[in-house]
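One-based numbering along the sequence shown. All values reported here derive from a predicted model rather than from experimental measurement.
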Amino acid sequence: MHKLSGIAQWYAALLFAAVLLSMTTAAQAKRVALVVGNAQYENTQPLANPRNDAEAVAAALRNLGFDVFDGYDLTRNAFEELIRDFARGAQDADAAVLYYAGHGLEVGNINYLVPVDANIRDETDLKFETVTLDDIIGFMERENRTNLIFLDACRDNPMARNLSLNMGTRSVAVSRGLAPVETGVGTLIAYATQPGNVALDGVGRHSPFTDALLDHIATPDLDVEIMMRSVRRDVMQKTGGQQIPWSSSSLTGSFIFQNKSALPASVPPVSTPKPATPAPQATPDPAPEIELSSVTPDGAEKPEVAATPPQIEQPDERELARGLQTELNRLGCNAGAPDGIWGRKSRAALALLAKHAPAAKIAGLEPTEALLHHAEQLEGRICPLTCAVTENLINGACQRKTCAKGQRLSSRGQCYTPQTTTARRRSAPKSSSSCFTYNGQTYCD
């Protein structure tokens, strides 16, 4: 083999460094996601699956390297706070994802996402009780990047029917589903069903749309637009053609959730030195012993095979996180669903425990066996109960605030008197005839 010259070696090293740099840059691409699942509605029909759907999507996106801002059963204030955190976290991100499951409304071609404490009785309440989808998309499209929006918010909504009745002749502006959205370049928006139609909540743990999305989102090297075709096909098969997911794209390039080159490669076992084997004891039988495992049925010797090193058991980090989440919830610190995924909400719960239980001596915000053991020894509620702005803490429980008769409670927890419109009295029309007096006589036309 000919050796490379010094210049050739230098170019080869430079090329290798460039390839390595591009792989590192791809691996370090900043990707963020806002995931919301609203199910336990206070003033309308609760839903079975949005929380399950959102939790599963959040877990899948975290496994795919996304920084996830997730929230469940959010009031309007909590919804707005989470959007604010997401907007700040999305600065300089290469890709941003929005996933929403829950009730949604479309009125006058404007889509509204409904918090769990929304109380919508007329069109005026929409501005104060809901979150506008256009506002979230506006935050996402402030920067030049890939934006992906998935809306499982077309479920049959009693609020839409009530609002339609209250709007009278203008009820044609209220749709059963969501309206198509005009987006900027670099955005894809996917609906659980076609615009104006109602999607199914599902009879299993997930809705048909989210179930199909979870089946395909982690497929290696699958472009998102091709992925949506697979999702559409699966949902149509599951619903007998009743539900047809719909998407609109202005993407200018390919986007892949799971890059095959980013998958962890299998690592060959590391050989370990074998312990010294004691010399075999002499036996009366002078004939040499032949191990049965070293010969084939025809008597030929098998080739020697390297022994597989013993597997060293690693502690199950997910079980450890799940156990600590369970204990934090028991202590009233609200770590979210005990799914074993140690994220922002779990760290916040642990920080709250450290604040109200100084004896815990929490050095960091990551789960450890010692920390789990200490949490198991604590009794009763440690973290104080925090109520929403629309609630009061009464006898250890959060109860919705009440207002005086004739007043309403806003999503900001304030009582207000709705403005009433009074009909203006119409003045009597002036007579078309005109009269005038001349020399003591009155003359009229």
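Here the CE atom belonging to M236 is positioned 4.5 Å from the CD1 atom belonging to I244, to the nearest 0.5 angstrom. Note that the CD1 atom of I136 and the CD1 atom of I83 stand 4.0 Å from one another [nearest 0.5 Å]. Note that CG of L113 is 8.5 Å distant from CG of N38, once rounded to the nearest 0.5 Å. With rounding to the nearest 0.5 Å, the separation of NE2 in H103 from OG1 in T44 is 5.0 Å. Between the CG atom of L34 and the CG atom of L61 there is a distance of 11.0 Å, given to the nearest 0.5 Å. Once rounded to the nearest 0.5 Å, the distance linking CG of L324 with OG of S346 reads 8.0 Å.
Remark: Q377 CD is packed, more than 12 non-hydrogen atoms of other residues, nucleotides or ligands lying under 6.0 Å away.
Residues A375 and L331 approach most closely at O-CD1, 4.1 Å, considering heavy atoms. Residues V32 and G89 come closest through the heavy atom pair CG1-O, 3.6 Å. Here the closest heavy-atom approach between residue R381 and residue G332 is recorded as NH1-O, 3.4 Å. Scanning both residues, L353 and C333, for their nearest heavy atoms gives CB-SG, 4.0 Å. P208 and Q243 get closest at one heavy-atom pair: CG-OE1, 4.4 Å. Of all heavy-atom pairs spanning V35 and A54, the tightest one is CG1-O, 3.4 Å.
A donor-acceptor distance shorter than 3.5 angstrom exists from the side chain of N63 to the backbone of A59, with no hydrogens or angles considered. Checked by atom type and distance alone, the side chain of Q325 pairs as donor or acceptor with a backbone atom of G340 at under 3.5 Å. S249 contributes a side-chain N or O that, together with a main-chain N or O of L251, makes up a donor-acceptor pair within less than 3.5 Å. A distance-only check finds no donor-acceptor pair linking the side chain of D152 to the backbone of A192 [under 3.5 Å]. The backbone N or O of T75 sits nowhere less than 3.5 Å from a side-chain atom of D117 that would complete a donor-acceptor pair. A donor-acceptor contact shorter than 3.5 Å links the side chain of E141 to the backbone of G184. Side-chain atoms of N392 do not come within 3.5 Å of backbone N or O of I394 as any donor-acceptor pair.
The closest side-chain heavy-atom distance from Q407 to Y416 is not below 4.5 Å. Residues F139 and R84 fail the side-chain proximity criterion, which asks for heavy atoms closer than 4.5 Å. The shortest side-chain heavy-atom distance between F257 and F66 falls under the 4.5 Å cut-off. Between R145 and D94, every side-chain heavy-atom pair lies at or beyond the 4.5 Å cut-off. Using a 4.5 Å heavy-atom cutoff, the side chains of L328 and N334 are not in contact. Considering only heavy atoms from C-beta on, V36 comes within 4.5 Å of F79 through its side chain. Within the 4.5 Å cutoff, side-chain heavy atoms of L148 are placed close to those of F255. Residues Y112 and V107 have side chains in contact (heavy-atom distance under 4.5 Å, counting atoms from C-beta outward).
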Exercise. Between Q258 and T219, does a side-chain hydrogen bond (donor to acceptor under 3.5 Å, both in side chains) hold up when you go through it step by step?
Worked result: CA-CA 6 Å; Q258 177 70 283; T219 303; over 6 Å; no
For this session: Evaluate side-chain contact (heavy atoms from CB on, under 4.5 Å) for Y41 paired with V114, printing each intermediate quantity in order.
Result: CA-CA 9 Å; Y41 285 90; V114 184; 3.7 Å; yes
Exercise. Can you check side-chain hydrogen bond (donor to acceptor under 3.5 Å, both in side chains) on T210 and Y99, steps first, answer last?
Worked result: CA-CA 10 Å; T210 299; Y99 172 89; 2.6 Å; yes
For this session: Could you walk me through whether S247 and R232 pass side-chain hydrogen bond (donor to acceptor under 3.5 Å, both in side chains), step by step?
Result: CA-CA 9 Å; S247 60; R232 185 177 299 114; 3.2 Å; yes
Problem set entry | Stepwise side-chain contact (heavy atoms from CB on, under 4.5 Å) test for D215 and L213 | CA-CA 5 Å; D215 284 343; L213 185 64; over 6 Å; no
Exercise. Would L320 and L372 satisfy side-chain contact (heavy atoms from CB on, under 4.5 Å), going step by step from the backbone distance to the final call?
Worked result: CA-CA 8 Å; L320 179 61; L372 174 60; 3.8 Å; yes
For this session: Could you walk me through whether Y72 and D70 pass the side-chain hydrogen bond (donor to acceptor under 3.5 Å, both in side chains) test, one step at a time?
Result: CA-CA 7 Å; Y72 310 98; D70 56 332; 2.8 Å; yes
For this session: For the pair I256 and V224, evaluate side-chain contact (heavy atoms from CB on, under 4.5 Å) and give the outcome as yes or no after the intermediate values.
Result: CA-CA 6 Å; I256 296 170; V224 65; over 6 Å; no
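Remark: D211 engages K238 in a salt bridge, criterion side-chain N to carboxylate O under 4.0 Å. A salt bridge links E42 to R400: at least one charged side-chain nitrogen sits closer than 4.0 Å to a carboxylate oxygen. Ion pairing of D125 with R408 is present here, as a side-chain N (NZ or NE/NH1/NH2) and a carboxylate O approach within less than 4.0 Å. Ion pairing between E80 and R76 holds under the 4.0 Å rule for side-chain N and carboxylate O. Of the charged side-chain nitrogens involved, at least one lies within less than 4.0 Å of a carboxylate oxygen, so that E55 and R51 count as a salt-bridged pair.
A donor atom on one side chain and an acceptor atom on the other are not found under 3.5 Å apart for N49 and S207. Using a 3.5 Å distance cut-off with no hydrogens or angles, the side chains of H206 and D53 do pair a donor with an acceptor.
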